Amino acid sequence: MPRLPETPARLAAALLDWYQRAKRDLPWRGSRDPYAIWVSEVMLQQTQVQTVLGYYVRFLRDFPTIEALAAAELPAVLARWSGLGYYARARSMHAAAKAVVARGGFPRSIEGLRELPGFGPYTAAAVGSIAFGLPEPAIDGNAVRVYARLTGLSAPRAAAEKLLREAARPLLAAAPPSELNQAVMELGATLCAPASPACLLCPWSAPCRARALGLQEAIPPPRERPARRPMTLAAAVWRDARGRLLFARRPPRGLFGGLWELPAVEVSAARDGGDIAEALAGWLRDGLGARVAVGERLGEVSQQLTHRDLRVVAFAATGHGRARAPASPRGYVEARFVAAADLTDLGLSSVTRKLLALPAVKGERPSTGAVQAIVPSR
DNA sequence: AAGTCGGGGGA
DNA sequence: TCCCCAGACTT
């Protein structure tokens with residue numbers, strides 16, 4: 001069990017003195033609104049401050065209160081989340097907003113908060129301490145690094161989290177919980193960095209056990225991460241006579257759950273050009289029941305995910321006669337043709353935005369005649 | 001306990 | 001290219 005190297009009172013005093021001088025001015029700092037604090041905590045999960053800033057301001061502008069969020073439709077919420085990633089966060093937040101409004105306000109205990117969708121150990125502690133002053137250590141990636149170095153604990157992150165939460169608990173009784181938790185995370189985000197920590201500026205450098213041992217760069221050990229597997233998709237760029245593009249909505253769970261995208265099918269990564277087009281043609285016929293031909297290859301985009309190396313190849317699809325959106329697209333919940341002006345209302349992933357930005361996709365016009373039809377292979 | 005789930009910043 | 005980011009949820 002890791003132990004604090006100093007009295008909680010002294011550690012807290014040194015940290016808070018530094019925090020008052022060094023803290024960054026961020027939009028959610030100083031807000032007393034539990035809803036605004038909660039929104040920031042959810043957006044900041046696995047996401048750096050810099051990335052969140054713009055999303056946070058726009059989200060609170062469109063959903064200024066928890067009542068507004070609870071009353072909104074999920075597609076509008078996903079549209080505001082578009083590009084931020086980990087879309088389950090938006091789905092959970094919407095569900096939790098409904099629950100909070102229904103019960104007349106946030107629970108005021110850690111256990112109560114933990115019952116809300118999307119409230120794990122960290123988020124419950126962060127919202128509980130910052131909004132309600134509950135003395136619960138908020139253990140995020142920054143806090144693990146700071147506390148592990150302070151106490152000299154060298155253990156894998158999963159095990160370290162629980163141990164450090166208990167080791168840090170006395171600190172939360174020695175200072176205002178809101179300030180203390182935020183100060184630890186600020187320290188981890190600005191000075192106590194994963195590599196090359198700025199120990200000379202750190203308020204805890206004197207008591208820091210890792211520094212005393214010269215192990216500040218070795219603690220905590222790097223996280224094991226799974227290999228990225230390649231994944232190749234073929235996407236159809238299919239316009240109706242009015243130039244609207246066909247989009248399909250993915251099922252609510254799983255990768256890109258609930259988002260809209262150009263209808264696509266996964267193909268073997270080993271296939272190249274012609275083969276991918278053939279696979280797409282077969283899927284358009286069998287999976288969409290679409291009477292279309294696959295035409296020109298319009299380009300490709302790629303996107304690195306945590307565990308996947310995503311590559312999407314876009315092909316023009318050309319219909320015979322009047323275009324009609326498929327009623328039951330395989331692998332999707334629904335499909336419809338969407339005008340360019342209406343795209344801002346849809347939750348789109350970043351890779352879909354990249355596809356739409358391809359010159360050959362943007363510039364493609366409704367086709368009027370001859371296409372290079374590709375006969376699906378059996 | 002291990003996988004899954006996005007996307008980007010910074011070295 | 002690699003590591004990580006104010007993690008949660010499923011299996």
Side-chain angles (χ1 to χ4, degrees), chain A residues 23-24 26-29 37-56 78 81-93 95-96 113-131 136-147 155-159 161-162 165 178 180-190 192-197 217 220-229 231 250-259 261 301-310 347-354:
Chain A
K23 67 179 174 186
R24 294 168 290 179
L26 301 174
W28 47 87
R29 291 246 214 254
I37 292 165
W38 172 42
V39 171
S40 76
E41 291 303 337
V42 175
M43 286 191 171
L44 287 163
Q45 288 170 13
Q46 297 293 288
T47 310
Q48 296 184 352
V49 166
Q50 179 96 5
T51 304
V52 166
L53 290 174
Y55 284 92
Y56 177 79
L78 287 173
W81 209 269
S82 174
L84 198 50
Y86 286 142
Y87 298 92
R89 293 184 294 176
R91 301 194 300 269
S92 295
M93 195 161 70
L113 290 168
R114 284 284 276 115
E115 292 177 10
L116 296 169
F119 278 73
Y122 167 76
T123 303
V127 173
S129 64
I130 298 172
E136 180 75 8
I139 308 296
D140 70 332
N142 290 311
V144 166
R145 196 166 53 249
V146 169
Y147 287 134
R157 170 158 176 177
E161 236 171 74
K162 286 186 172 183
R165 181 175 298 112
S178 168
L180 192 115
N181 276 336
Q182 293 189 75
V184 169
M185 293 188 280
E186 186 80 352
L187 185 59
T190 58
C192 197
S196 307
E217 302 231 31
R223 207 193 317 224
E224 303 271 341
R225 61 193 66 252
R228 249 200 289 272
R229 296 196 310 275
M231 180 171 157
R250 299 178 64 96
R253 303 212 220 196
L255 189 64
F256 301 128
L259 300 191
E261 65 185 24
V301 301
S302 55
Q303 177 76 46
Q304 313 263 310
L305 308 183
T306 301
H307 55 292
R308 286 199 170 102
D309 210 341
L310 202 55
L348 307 176
S349 70
S350 287
V351 69
T352 294
R353 292 191 183 283
K354 287 182 184 176

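In what follows, every chain begins at residue 1, and chains take the letters A, B, ... in the order their sequences are listed. Being a predicted model, the structure only gives us computed values, none of them experimental.
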If I take atom [atom1] from residue [X] and atom [atom2] from residue [Y], how far apart are they, to the nearest 0.5 angstrom?
X        : Y        : atom1 : atom2 : answer
A/Leu44  : A/Thr51  : CG    : OG1   : 9.5 Å
A/Arg114 : A/Thr123 : CZ    : OG1   : 9.0 Å
A/Gln45  : A/Tyr86  : CD    : OH    : 10.0 Å

Counting the atoms with a prime plus P, OP1 and OP2 as sugar-phosphate, which does [X] contact under 4.0 Å by heavy atoms, base, sugar-phosphate, or nothing?
X        : result
A/Arg353 : nothing
A/Arg145 : sugar-phosphate
A/Trp28  : base
A/Gln304 : base
A/Arg250 : nothing

List every contact pair, protein side and nucleotides 9-11 of chain B side both N or O, where the distance is under 3.5 Å.
{"unit_1": "B/dG9", "atom_1": "O4'", "unit_2": "A/Gln48", "atom_2": "OE1", "d": "3.0"}

Query raised in the report: Would A/Asn142 and A/Val184 count as a side chain to side chain contact (heavy atoms under 4.5 Å, CB included) if you check the C-alpha gap in whole Å, the side-chain angles of each, and the deciding distance to 0.1 Å?
Result: CA-CA 7 Å; A/Asn142 290 311; A/Val184 169; over 6 Å; no
Query - Donor-acceptor pair under 3.5 Å, A/Thr47 side chain vs B/dG8 base - result: no
Whole angstrom is fine here: how far is it from [atom1] in [X] over to [atom2] in [N]?
X        : N     : atom1 : atom2 : answer
A/Met43  : B/dG8 : CE    : C1'   : 16 Å
A/Leu348 : B/dG6 : CG    : P     : 14 Å
A/Glu261 : B/dG7 : CD    : C1'   : 16 Å
A/Arg225 : B/dA2 : CZ    : C1'   : 14 Å
A/Leu259 : B/dG6 : CG    : P     : 7 Å

Query raised in the report: Can you name the ring pair (Phe, Tyr, Trp, His ring centres under 6.0 Å) partners of A/Tyr56, sequence neighbours left out?
Result: A/Trp28
Report task. List in chain and number order the residues that pass ring pair (Phe, Tyr, Trp, His ring centres under 6.0 Å) with A/Phe119, two or more places apart in sequence or in another chain; answer none if no residue qualifies. Result -> A/Trp38
Query - Separation of the C1' atoms in C/dC3 and B/dG6, to the nearest angstrom - result: 16 Å
Query - Gap in Å between the two P atoms, one belonging to C/dA6 and one to B/dG10, rounded - result: 11 Å
Can you pull every protein N or O that's under 3.5 Å from an N or O on nucleotides 3-5 of chain B?
{"unit_1": "B/dC5", "atom_1": "OP2", "unit_2": "A/His307", "atom_2": "NE2", "d": "2.7"}
{"unit_1": "B/dC5", "atom_1": "OP2", "unit_2": "A/Arg308", "atom_2": "NH1", "d": "2.7"}
{"unit_1": "B/dC5", "atom_1": "N3", "unit_2": "A/Tyr86", "atom_2": "OH", "d": "3.4"}

Going by the rule salt bridge (charged side-chain N to carboxylate O under 4.0 Å, His left out), which residues pair with [X] if we only count those two or more places apart in sequence or in a different chain?
X        : answer
A/Arg250 : A/Glu261
A/Glu41  : none
A/Arg91  : none
A/Arg24  : A/Glu186

**Report entry** A/Arg228 side chain vs A/Asp309 backbone, donor-acceptor pair below 3.5 Å
**Finding:** no
Query raised in the report: Closest nucleotide of DNA chain C for A/Pro194 versus for A/Phe119: which of these residues is on the 5' side?
Result: A/Pro194
Requested in this report: Would you mind telling me which residue lines up with the more 5' stretch of DNA chain C, A/Thr123 or A/Arg223, judged by nearest nucleotide?
Outcome: A/Arg223
**Report entry** Residues, nucleotides or ligands: over 12 heavy atoms within 6.0 Å of A/Glu217 CD
**Finding:** yes
Requested in this report: With sequence neighbours left out, write down each residue that passes side-chain hydrogen bond (donor to acceptor under 3.5 Å, both in side chains) with A/Ser92, or none if nothing qualifies.
Outcome: none
Report task. Check side-chain hydrogen bond (donor to acceptor under 3.5 Å, both in side chains) between A/Gln182 and all other residues, then give those that pass, not counting sequence neighbours. Result -> A/Arg29, A/Ser178
Query raised in the report: Nucleotide range of DNA chain C contacted by chain A, 5' to 3', under 4.0 Å to a heavy atom?
Result: C/dC3 to C/dT10
Report summary line: For A/Gly258 and A/Leu78, the nearest pair of non-hydrogen atoms, with its separation, is O-CD1, 3.6 Å
Query raised in the report: Tell me, what's DNA chain B's dot-bracket, Watson-Crick or G-U with both distances under 3.5 Å, | for other-strand, [ ] crossing?
Result: |||||.|||||
